[in-house]
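Accompanying notes for the structure given below.
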Amino acid sequence: MSNQHSHNDDHGHHDAHGHHEETFISKYVFSMDHKMIAKQFLITGIIMGTLGMAMSLIFRLQLAFPDMKFPFLETILGHWGKDGKLDPNFYLALITIHGTIMVFYVLTAGLSGTFSNLLIPLQVGARDMASPFLNMLSYWFFFMSSCVLCVSLFVEGGPASAGWTVYPPLSALPKAIPGSGTGMTLWLVAIILFIASALLGGVNYITTVLNMRTKGMKMTRLPLTIWAFLITAVLGLLSFPVLLGAGLLLIFDRSFGTSFYLADIPADLAGGIERVGGSPILYQHLFWFLGHPEVYIILLPALGITSEVIATQSRKPIFGYRAMIGSILAIAVLSFIVWGHHMFITGMNPFLGSVFVLGTLIIAVPSAVKTFNYIATLWKGNLHLTPALLFAIGLVSFFISGGLTGLFLGNAALDINLHDTYFVVAHFHLVMGSAAIFGMMSGIYHWFPKMFGKMMNNTLGYAHFWLTFISAYCVFFPMHFMGLAGVPRRYYANTAYDQFNVFVDMNIFITIAAIVGGIAQLFFIYNFFNSIIRGKKTVQNPWKSNTLEWTAPVEKIHGNWPGEIPHVYRWAYDYSKPGADDDFIPQNIPDEGQTDPLDEPNATVFEHSHSHSPEASQKEVVMFSGLKKLFGFAKS
Amino acid sequence: MEHTEHLEHTEPPKDMKAQIWKTFWILLGFTIVDIGLYFILPSNMGKNILFIFLGVVKAYFIVGVFMHMKFERKWLPYLIVTPMVLVIYLITLMIIEGGYTSFVR
Amino acid sequence: MSNATTLTAEKKGIWGGGRSPFSVSYGKLMMWVFLLSDAFTFSSLLVAYGFIRYSFHGNTVTPWPSPDHVFNHFPFLHGMHLPLMFVSLMTFILIFSSVTMVLAVEAGHRMAKKEVANYMLLTILGGIGFLSCQAWEWTQFITGTHEGKELFNGIIMHGANLHSNEYGPTAFGDLFFIVTGFHGFHVFSGVMINITIYLNVVAGTYEKRGHYEMVEKVGLYWHFVDLVWVFVFTFYYLI
Ligand code: HEM
Ligand SMILES: [Cu+2]
């Protein structure tokens, strides 16, 4: 803690930035600069993502061709792929680690870690995070956690194999299955390090947004990205500790013979000690108290990025700014009270089930508000179809198709049929997997110039988008039908069930689509690294965007702005404002005669600002005012 | 220099010392009341609720006076205290669930 | 946004950027936010306690023990039935150390270095006192009674460990160890932090810096530990 304080004093030196002697280590490795930490998160995330993707391809091969032999599996997996056959235990391990990597390492740390770090100080107008030191620690905890998880791939018995939710008793009894041994222990260690990282990051994000906004940056002028990151950090801060508690109890059950989560397990099965009196349902509740907010921790930053990209690239103010904030807040609150919808048929009290059904179905309302607002923003916009905008639109598409199936699953009665089938797999891969990855990609394409001072190659970007978009739908859409027919998830092979033979071809199709999707990511990885080295140099504000980060010079400097931090005079969405010279007015530009950043710029023009073209038809105006009434609290 | 925030803080009241000691006696009093009630009242749900209520009152004094919350700007208490609603929700549900577990066993 | 102009100038300033809306430094805000998340960690443990305890409701084979049959010892008073007395002493010590802590903070506002140092020292002593009491309490709990209890396999069980205990269900002992242990761990880290800060105070670090905010921050942490104890005491010993 004394370090925290010395940083306080460090800030004083920012005025004299540029005078530090920076070594390689302090600049690239143990950097305390939020822009560098963002890049570290991103690149670690990309590496982990590649690993997770590779795992998914291996188990997809198994699902499509359960009887075939692939000699290369023995080369890469050793005894887990003897004679080219994937070992069933290792299949379980792969899906577990795939889920863990994707959910926590790529879509939590890689997404929110990257963009919160990059954008929060730049967009609120701060020199750096509140505590750059804790920020650095946050990355290095994440890094250690990634290392531990990777190490767990190589231990005797294989990595954790209880599914990414690690339900006891598989996770609580070291002898239960091969993957319940050392691999499981390392999984828990990795997750606890991860929680430490998430909490350090979250504390910093919240403090920075609340305390360190530049003059004139009212909460109602924050870009929606920042709102999303702020609420994401709050969600993490309140839910990760519960997973910490759950993990602690699980570690005691595993290693010290307690029985918090174990009921009626005789001594010979439980390592010599009889385990009575606990309840596995308790673990599920604690886990999903994190688990459901976690899916929004993943999704909200992606939605925030989308808001920003859609408004900028369609050159229109975001539709319903306040409704957007309201729906983020509503989602945040609701996400904490619905976790039980993951447990409808695990033996939970049916009365609680009905409480959870109610909450779950209500969540659809703010989600729908967001989608309608995106569509209304895009509507009749002057669309600049950059790869970033395409990915943002892709997110909206996936969010709709995946969200609709959430409504099916949210009904406890339907869930009796659908739970733990491929329907669930389809649901969460569309709404969380694909949508959030698309948001992340959108952010990378959009802010790449800010991060690296170079432009990415657009042609490769388009190829990446279309291949990924089509293959993602081809992979996940057919899964709905398999799920409706009852194909269970997490099964190594379904050859034993004759009624599933109809899906043999569909499985092959899905696997081929997945391989295409995998290849598409190679385009991205090549484009990403190649552009860092050889990309075209960017101008300061390539997208003609309003937010503050583009007022900072391309050269990255410690402290972000040379001289004074810009003051903010308007919200972030003054695009295509009638009467203005340009079709964008950055947030730091005062209106004529405006001296106090807290004064409102000439407010009446907003009435018309949402229609891009001056000759917008009467019909359009009518429709918009109707929508506005519908949402009541749309920006006035 | 934008880090002027450091100089800002809410002033403690003039009679802070007196308030601290008053709070100490209150906390002590409540603890003694707790123990007294423990032996006097019969065990039942009402007694438990009473104890939780007394605990919350003690928490109010610790957070309010010792942790200075009473003297901070109103938004800080909102920020910190509102999320506790979620804990109450979680605990309520889990107690129901625990009861149900005993019922199905 | 035009209706925002109706706000008073004063209100407009609070959230207008360029300053903290709460008038607290970022370090203190950070500490508050951290404590909020820590409160959730403790809550999750207490939730586990509530769940498991209720799942023993109406269980007549291994009923949940009543605390006054378990925690009824007092040092040097052997063989006497003194339920709750010792834990009340512990509570008193912790509350009192909270008082000395807040007095240190108050002295810090007046820049009275000597007073801050003295009160910090008292706080540290209080913390160590509490930890020692807890060590004694744990020892009692682990050693158990003379008579012990016969388990179903005929072995006489004395005291408690993580696998079984003589007082009641296994979970009773497990939860006792984990909840008070986690709290004790917090007290321990608090004492360590307090020692660091005490040394800094004595060395005059904060005197030079011009304010004693660091003492306030560790003070927040220390009171939080006290706060958690209030609930541990309520749930574990009273109910
Ligand atoms: C309209 C809103 C949504 C509703 C009503 C909804 C409902 C549900 C329900 C009821 C389940 C449990 C299905 C089962 O296991 O039987 C589920 C699973 C899941 N949902 Fe959603 N959901 C919604 C949105 C989301 C979002 C936005 C995300 C992520 C960003 C998400 C991620 C997941 C995940 C990861 C699972 C599966 C977890 C697992 O079992 O491994 N959902 N959803
Ligand atoms: Cu959920």
Side-chain angles (χ1 to χ4, degrees), chain B residues 2-12 16-17 20-21 23-24 27-28 31-32 34-35 37-39 43 47-48 51-52 54-56 58-59 62-63 65-69 72-76 79-81 83-84 86-87 90-103 105, chain C residues 14-15 18-29 32-33 35-36 39-40 43-44 46-48 50-59 66 68 83-85 88 91-92 95-96 98-99 101-103 105-106 109 211 213 216 219-220 223-224 226-227 230-231 233-235 237-239:
Chain B
E2 59 284 354
H3 280 270
T4 45
E5 51 146 32
H6 207 75
L7 304 173
E8 296 180 30
H9 56 83
T10 36
E11 280 302 317
M16 191 62 198
K17 256 190 165 151
I20 293 170
W21 284 109
T23 313
F24 169 69
L27 290 175
L28 195 63
T31 310
I32 292 170
D34 266 343
I35 295 164
L37 292 179
Y38 181 85
F39 292 111
S43 290
K47 186 180 173 187
N48 293 350
F51 280 140
I52 293 174
L54 290 175
V56 173
K58 279 189 271 182
I62 294 177
V63 176
V65 181
F66 286 177
M67 296 172 94
H68 230 255
M69 191 68 116
E72 306 282 5
R73 295 234 181 204
K74 69 167 192 241
W75 278 101
L76 189 63
L79 179 78
I80 303 298
V81 176
M84 284 300 151
L86 300 174
V87 170
L90 175 63
I91 289 193
T92 316
L93 259 54
M94 287 310 95
I95 282 178
I96 297 175
E97 182 76 336
Y100 178 74
T101 308
S102 92
F103 164 74
R105 265 195 188 144
Chain C
I14 297 181
W15 288 94
R19 55 170 301 189
S20 161
F22 317 106
S23 293
V24 295
S25 70
Y26 80 83
K28 235 160 86 184
L29 184 57
W32 270 113
V33 175
L35 292 181
L36 176 62
F40 271 65
S43 303
S44 70
L46 288 176
V47 162
F51 183 113
I52 293 181
R53 172 121 186 222
Y54 264 80
S55 74
F56 278 88
H57 200 79
N59 185 329
S66 156
D68 61 351
L84 282 185
M85 286 307 137
S88 308
T91 311
F92 173 79
I95 291 180
F96 198 77
S98 240
V99 173
M101 186 78 231
V102 72
L103 288 172
V105 173
E106 195 269 340
H109 283 302
H211 55 78
E213 200 192 87
E216 278 180 59
L220 285 180
H223 301 312
F224 173 75
D226 189 9
L227 179 70
V230 165
F231 287 100
F233 176 68
T234 306
F235 287 120
Y237 292 90
L238 292 177
I239 291 184

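Below, each value reflects all heavy atoms present in this structure, side chains not excepted, and no hydrogens, waters or symmetry copies. The sequence lines fix the lettering, A, B, ..., with proteins before strands; numbering per chain opens at 1.
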Identify the heavy atoms of [X] and [Y] that sit nearest to each other, and give their distance.
X: C:Ser55; Y: B:Ser102; answer: O-CB, 3.2 Å
X: C:Val33; Y: B:Ile80; answer: N-CD1, 4.4 Å
X: B:Leu79; Y: C:Leu36; answer: O-CD2, 4.2 Å
X: C:Thr234; Y: B:Phe51; answer: CG2-O, 3.7 Å
X: B:Tyr38; Y: C:Ser66; answer: OH-OG, 3.9 Å
X: C:Val102; Y: B:Phe66; answer: CG2-O, 3.7 Å

Can you tell me how far [atom2] of [Y] sits from [atom1] of [X], rounded to the nearest 0.5 angstrom?
X: C:Ser98; Y: B:Met67; atom1: OG; atom2: CE; answer: 8.5 Å
X: B:His68; Y: C:Glu216; atom1: NE2; atom2: CD; answer: 6.5 Å
X: C:Leu238; Y: B:Lys47; atom1: CG; atom2: NZ; answer: 8.5 Å
X: C:Phe233; Y: B:Lys58; atom1: CZ; atom2: NZ; answer: 5.5 Å

As an exercise: rank [options] by heavy-atom pairs under 4.5 Å with chain B and give me the winner.
options: C:Leu35, C:Leu46, C:Leu220; value: C:Leu220
options: C:Arg53, C:Met85, C:Glu106, C:Met101; value: C:Glu106
options: C:Phe231, C:Phe51, C:Phe224; value: C:Phe51

Item to complete: Quick one: sort the C:Trp15 and B:Trp75 rings into parallel, tilted or perpendicular, breaks at 30° and 60°.
Response: perpendicular

Practice prompt. For the pair B:Trp21 and C:Phe96, name the ring-plane relationship: parallel under 30°, tilted 30 to 60°, perpendicular over 60°.
Written response: tilted

[X] side chain near [Y] side chain, heavy-atom distance below 4.5 Å:
X: B:Ile62; Y: C:Val230; value: yes
X: C:Ile239; Y: B:Ile52; value: yes
X: B:Arg105; Y: C:His57; value: no
X: B:Lys74; Y: C:Phe22; value: no

Item to complete: Answer with side chain, backbone, both or neither: which region of C:Tyr237 has an atom nearer than 4.5 Å to a non-hydrogen atom of chain B?
Response: backbone

Item to complete: Give, as side chain, backbone, both or neither, the part of C:Leu29 having an atom under 4.5 angstrom from any heavy atom of chain B.
Response: side chain

Item to complete: Counting only heavy atoms closer than 4.5 Å, note whether B:Phe39 contacts chain C via side chain, backbone, both or neither.
Response: side chain

Worksheet entry | Portion of B:Ile32 that has a non-hydrogen atom of chain C nearer than 4.5 angstrom | neither

Worksheet item: Step by step, would you call C:Ile95 with B:Leu28 a side chain to side chain contact (heavy atoms under 4.5 Å, CB included)?
Response: CA-CA 8 Å; C:Ile95 291 180; B:Leu28 195 63; 5.7 Å; no

Practice prompt. Kindly write out the residues that satisfy side chain to side chain contact (heavy atoms under 4.5 Å, CB included) with B:Ile95, not counting sequence neighbours, or none if the list is empty.
Written response: B:Ile91, C:Tyr54

Worksheet, complete the sentence: Of B:Asn48, B:Thr31, B:Thr101, the largest count of non-hydrogen pairs under 4.5 angstrom with chain C goes to B:Asn48

Item to complete: Evaluate the criterion side chain to side chain contact (heavy atoms under 4.5 Å, CB included) for residue pair B:Arg73 and C:Ile14; output intermediate values, then yes/no.
Response: CA-CA 10 Å; B:Arg73 295 234 181 204; C:Ile14 297 181; 3.5 Å; yes

Response to the item:
For C:Ser44, the side chain to side chain donor-acceptor pair (under 3.5 Å) test, sequence neighbours excluded, returns none

